[in-house]
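Structure, as structure tokens:
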Amino acid sequence: MSVRVRYAPSPTGSPHVGNVRTAIFNWLFARHEGGEFIARLEDTDRDPARYRPESIQDIETSLNSLGITPDEWWVNKEPSGYVQSERLPFYQAAAQELIDKGHAYPCFCTTERLTQMREEQQSRGVPSGYDRRCRRLSPADRERYISEGMQYTVRLAVPLEGKTTYNDLVYGEITFENKLIDDQVLLKSSGWPTYHLAVVVDDHAMGITHVIRGEDWLPSTPKQILLYQMLGYEQPKWIHAPLIVGTDKKKLGKRHGSTKFVEFIEQGYLPDALFNFLILCGWSAGDENRELFTKEEIVERFTLQGISKSAAVFDYEKLKWMNGSYIRSYSTEKLVALCMPYLVKAGTVSEPISSETTAYLAQVFPLVAERMKLLTEAPALVEFFFNDPTEYEDKGKRKWLTGEEAQNRISKAIEVFSNADGEWTIENAELATNKVVELTGSERGPIIHTLRTSITGRTVGPGLFETIAVLGKDCVVRRLHNALAAVTIVENAE
Ligand code: GLU
């Protein structure tokens with residue numbers, strides 16, 4: 001039996017990282033097993049409070065950017081067969097079949113009655129659920145209400161006794177008392193299905209062999225199992241992946257930080273890093289103490305046994321660290337290309353990008369990549385390679401651009417650098433700096449700090465000699481002149 005798994009997002013908002021993790025797990029399992037990965041849009045909940053059709057774009061972007069494009073899905077197909085709102089007749093037929101078999105019944109209760117019932121149950125402190133009034137209607141009453149044109153929903157007739165047991169491949173054997181399961185609405189009076197009916201009909205119709213989804217869907221499983229049994233369908237295997245939580249062990253939400261996948265992309269996280277990070281949220285490769293894996297390595301290692309039961313902590317710091325590792329593993333060319341949109345947006349470079357700019361960036365990036373954790377940091381990190389400092393970091397100005405000694409150091413540096421002949425290389429930049437040390441009789445440290453502050457405006461940054469080499473002679477000398485003019489002389493210094 002070939003494996004077929006699915007990712008079944010609802011367009012209720014831009015996908016949460018936990019939801020995207022589910023997509024990744026499904027994709028990995030399909031790839032590992034040589035099976036198929038499909039995506040189905042579960043868009044039957046049209047409540048304006050939840051329905052967000054604009055989020056479909058983010059669902060597609062998330063899958064595409066991670067490189068886990070489904071083998072079958074709705075994109076570029078019209079009608080696709082993978083969008084539930086196109087498939088209403090299938091759910092209606094299944095609801096009718098359940099009624100005919102006595103496993104479902106029409107419910108004529110009004111919204112007012114149901115609200116009143118719920119409020120009353122809440123005030124008594126008992127679990128809320130349908131009181132099954134319409135289940136007890138006589139066939140004659142049912143016929144009459146229908147012929148009178150009364151609106152009705154279709155409800156699942158949950159067995160009143162017994163238990164529903166299933167084997168979750170992660171959580172083991174799980175048993176639910178049937179009497180505690182609500183007579184769930186399967187079809188609304190509008191003829192649209194609810195999630196439970198649609199998911200079962202489609203997972204069966206689409207030949208899904210394994211349902212891999214978040215643990216929050218675990219309580220839904222017994223209702224779905226009952227539907228499988230009542231409709232005579234063969235059940236898939238059930239796999240629930242643990243919840244993703246914040247460091248406080250509470251479900252990952254807005255108050256922890258960003259939670260939407262696309263937000264991380266906007267913030268300069270790399271899809272490769274997000275893939276690697278999310279896969280480790282609830283899965284491990286065994287006893288290996290490794291954190292960084294290529295996609296191919298994970299495909300090779302991914303098995304359902306690696307999915308853990310305990311909640312996965314989403315550590316933002318670790319994700320940032322991982323992103324930095326990926327940034328450093330990329331070729332300069334790739335990194336420049338990835339950062340280009342951010343540099344354009346920040347106005348560091350302007351379009352069309354000339355070949356000189358690209359070549360210059362190729363020299364600059366190896367110097368700054370070491371410090372970069374997010375692509376969005378690129379403009380600030382490379383800024384001084386494009387613009388002369390217009391101001392100097394406070395600390396640097398106070399320590400290195402104040403007083404006569406500073407003046408002397410910078411003057412000597414101007415002399416040495418403007419007279420430097422020979423090639424403008426890293427080695428020669430160091431030799432020239434040594435010469436300034438000699439001429440001023442000062443320590444090496446203060447000279448380096450003075451030069452760095454003068455040339456970059458900052459007190460920390462990439463290697464000084466490398467920076468001098470990349471900036472070029474004219475630029476370095478000009479900046480030294482600017483710094484000299486900016487030196488503050490403190491009168492009456494003791
Ligand atoms: N449409 C559901 C969701 O939004 C699917 C749950 C499931 O995988 O069964 O996640």
Side-chain angles (χ1 to χ4, degrees), residues 3-30 36-47 49-56 58-60 62-63 68 70 72-74 80 82-88 90-91 94 156 166 168-171 174 184-186 188 192-228 231 233 235-244 251-253 259-261 278 281-282 304 307:
V3 159
R4 253 172 92 80
V5 288
R6 58 27 168 216
Y7 169 52
S10 295
T12 48
S14 188
H16 185 276
V17 281
N19 199 268
V20 173
R21 194 261 330 244
T22 294
I24 299 177
F25 278 10
N26 277 283
W27 179 84
L28 279 170
F29 186 57
E36 280 136 13
F37 169 58
I38 73 167
R40 178 176 70 231
L41 195 65
E42 303 210 321
D43 63 342
T44 59
D45 183 355
R46 294 303 171 106
D47 186 324
R50 288 182 295 272
Y51 183 52
R52 297 272 174 282
E54 65 282 3
S55 63
I56 299 171
D58 284 355
I59 295 171
E60 294 168 9
S62 308
L63 297 177
I68 57 168
E72 297 162 30
W73 64 333
W74 60 84
S80 69
Y82 295 93
V83 175
Q84 288 189 328
S85 57
E86 293 168 3
R87 301 173 48 80
L88 302 185
F90 295 105
Y91 316 125
L156 175 65
Y166 83 97
D168 190 291
L169 296 191
V170 174
Y171 290 88
I174 301 190
Q184 175 74 46
V185 171
L186 300 175
K188 294 178 225 169
W192 283 57
T194 60
Y195 156 69
H196 294 283
L197 179 63
V199 80
V200 169
V201 168
D202 281 349
D203 282 345
H204 170 72
M206 297 178 187
I208 299 306
T209 57
H210 296 71
V211 167
I212 307 174
R213 60 187 174 192
E215 194 222 285
D216 41 344
W217 296 100
L218 207 148
S220 303
T221 312
K223 290 178 191 168
Q224 295 171 15
I225 290 176
L226 288 172
L227 283 169
Y228 274 94
L231 288 163
Y233 299 161
Q235 268 184 65
K237 301 249 183 303
W238 304 97
I239 296 101
H240 289 91
L243 222 59
I244 298 186
K251 191 176 175 188
L252 192 74
T259 56
K260 296 183 173 131
F261 183 82
L278 285 173
C281 286
L304 300 176
I307 300 181

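One-based numbering, in listed order, for ligands and for the atoms of each.
In terms of heavy atoms, Lys260 sits closest to Ser14 at CD-CB, 3.6 Å.
Residue contact annotation: Tyr195 has a non-hydrogen atom under 4.0 Å from ligand 1.
For atom 1 (N) of ligand 1, the nearest non-hydrogen atom of the protein is Glu42 OE1, 2.6 Å. Taking atom 5 (C) of ligand 1 as the reference point, the nearest protein heavy-atom neighbour is Ala8 O, 3.2 Å.
Between Asp202 and Tyr82, the side chains place no donor N or O within less than 3.5 Å of an acceptor N or O (distance only, hydrogens not considered).
No N or O atom of Val199 sits closer than 3.5 Å to an N or O atom of ligand 1.
Set against the non-hydrogen atoms of Ser10, the atoms of ligand 1 under 4.0 Å away are 1 (N), 2 (C), 3 (C), 4 (O). Heavy-atom proximity to Arg213, at under 4.0 Å, picks out these atoms of ligand 1: 7 (C), 8 (O), 9 (O). Residue Arg6 approaches ligand 1 through these ligand atoms, each under 4.0 Å from one of its heavy atoms: 7 (C), 8 (O), 9 (O). Taking a cut-off of under 4.0 Å to the non-hydrogen atoms of Trp217, the atoms of ligand 1 that pass are 2 (C), 3 (C), 4 (O), 6 (C), 10 (O).
A salt bridge links Asp43 to Arg46: at least one charged side-chain nitrogen sits closer than 4.0 Å to a carboxylate oxygen.
When atom types are taken as modelled, the side chain of Asn26 and the backbone of Val5 share no donor-acceptor pair closer than 3.5 angstrom. Panel note: side chain Thr22, backbone Arg213; no donor-acceptor pair is recorded below 3.5 Å.
Between His196 and Leu156 the shortest side-chain heavy-atom distance does not fall below 4.5 Å.
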